[in-house]
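Shown next, in structure tokens, is the structure this report addresses.
For the single chain, residues carry numbers from 1 onward in sequence order. The analysis underlying the following values was restricted to heavy atoms, covering all of them including side chains, and did not include hydrogens, waters or symmetry mates.
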Amino acid sequence: MVEIFGWTRRMVLAAKTAIVGGLALPVSASVGAAAVSPRAAPQRPVAPARWPTATADELEPFVGQRFRVRTEEHGTLALRLVEVVSPEADPARPAHLKRRTGVLATFDGPDAQLLAASEDSVRTVSHPKIGTIQAYLKTLPQSGGGFEIEMVLN
């Protein structure tokens with residue numbers, strides 16, 4: 001290798017690469033930091049879910065989990081939570097209700113077929129982390145056959 005002023009060609013190329021890489025690093029680091037910045041994507045804190053006041057956001061982490069439904073005819077059945085939604089706006093909602101917005105929770109699973117065979121009625125629904133509630137459960141037929149169970153929380 002040819003040395004000019006004590007530098008080899010390899011040393012010059014390595015220095016140029018280091019300078020270019022050093023200049024690019026702060027820009028990419030700041031872009032990455034901006035992407036995870038709390039100002040870029042505000043996240044609302046989610047309170048622990050409790051049946052009397054739970055919102056759809058608070059119940060969302062439980063989607064895919066099993067809930068127990070107690071019936072007189074079949075004993076305890078297991079249903080899987082598949083969807084939780086709230087209406088966009090509810091201007092006629094009475095102010096005295098504890099829950100800020102209504103919630104529709106949809107369940108499915110093999111035991112949904114047993115529950116669908118009985119009448120729509122008030123049942124005991126429970127989950128180890130949320131607790132127990134008496135709620136009205138309604139059967140929803142699916143287009144491809146089978147049933148889903150809907151729970152309305154007001």
Side-chain angles (χ1 to χ4, degrees), residues 14 16-154:
K16 285 183 179 179
T17 304
I19 291 170
V20 171
L23 292 174
L25 182 61
V27 172
S28 64
S30 67
V31 169
V36 294
S37 169
R39 285 181 266 144
Q43 294 182 353
R44 295 178 291 173
V46 177
R50 294 288 168 237
W51 286 121
T53 59
T55 64
D57 289 340
E58 293 167 358
L59 291 173
E60 187 68 33
F62 297 98
V63 170
Q65 293 186 17
R66 290 174 39 167
F67 286 71
R68 303 275 182 212
V69 176
R70 178 82 182 124
T71 67
E72 291 181 15
E73 309 89 40
H74 304 291
T76 302
L77 303 175
L79 298 176
R80 183 176 59 97
L81 182 63
V82 293
E83 183 180 29
V84 182
V85 295
S86 284
E88 291 297 320
D90 196 357
R93 184 171 188 75
H96 71 279
L97 295 176
K98 291 181 183 179
R99 190 179 314 279
R100 296 181 298 275
T101 61
V103 177
L104 293 175
T106 307
F107 299 89
D108 73 358
D111 288 347
Q113 310 312 315
L114 292 172
L115 198 56
S118 55
E119 292 182 17
D120 298 346
S121 63
V122 175
R123 307 281 184 182
T124 302
V125 179
S126 64
H127 185 276
K129 291 186 179 178
I130 305 173
T132 303
I133 189 173
Q134 294 287 322
Y136 184 77
L137 300 180
K138 178 181 178 179
T139 303
L140 300 174
Q142 293 179 317
S143 59
F147 297 94
E148 288 182 331
I149 306 299
E150 181 180 68
M151 177 173 63
V152 178
L153 300 173
N154 281 317

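- The side-chain hydrogen bond (donor to acceptor under 3.5 Å, both in side chains) search around E72 returns none, not counting sequence neighbours.
- Annotation for L153 and A135: closest pair CD2-CB, 4.4 Å, computed over non-hydrogen atoms.
- Atom CG of L114 is separated from atom OG1 of T71 by 8.0 Å, given to the nearest 0.5 angstrom.
- Partners of E73 by salt bridge (charged side-chain N to carboxylate O under 4.0 Å, His left out), not counting sequence neighbours, listed by chain and number: R123.
- The OG atom of S126 sits 10.5 Å away from the CD atom of Q134 when rounded to the nearest 0.5 Å.
- Smallest separation of non-hydrogen atoms from V103 and A54: CG2-O, 3.5 Å.
- Judged purely by distance below 3.5 Å, without hydrogens or angles, the side chains of E150 and T106 never pair a donor atom with an acceptor atom.
- Atom CD of E148 sits about 10.0 Å away from atom CD of Q113, to the nearest 0.5 Å.
- K129 NZ to R50 CZ: the interatomic distance, rounded to the nearest 0.5 Å, is 10.5 Å.
- Across G102 and S86, no two heavy atoms sit closer than the pair O-OG, 2.9 Å.
- Applying the salt bridge (charged side-chain N to carboxylate O under 4.0 Å, His left out) rule to D111 yields no partners; only residues at least two apart in sequence or on another chain are considered.
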Listing, residues 75-83 side-chain donor-acceptor contacts under 3.5 Å, not counting sequence neighbours, or none:
residue : atom : partner : partner atom : Å
R80     : NE   : D108    : OD1          : 3.4
R80     : NH2  : D108    : OD1          : 3.1
R80     : NH2  : D108    : OD2          : 3.0

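- Taking R68 as the reference, nothing meets the side-chain hydrogen bond (donor to acceptor under 3.5 Å, both in side chains) condition, with sequence neighbours excluded.
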Mind running side chain to side chain contact (heavy atoms under 4.5 Å, CB included) on Y136 and D120 for me, showing each step along the way? CA-CA 7 Å; Y136 184 77; D120 298 346; 3.2 Å; yes

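- Here the closest non-hydrogen pair linking F147 and Q142 is N-OE1, 3.9 Å.
- Residues meeting the ring-ring contact (aromatic ring centres under 6.0 Å, His included) test with F67, sequence neighbours left out: F107, H127.
- Between I149 and the choices L115, V69, V125, the side chain to side chain contact (heavy atoms under 4.5 Å, CB included) rule is met once, by L115.
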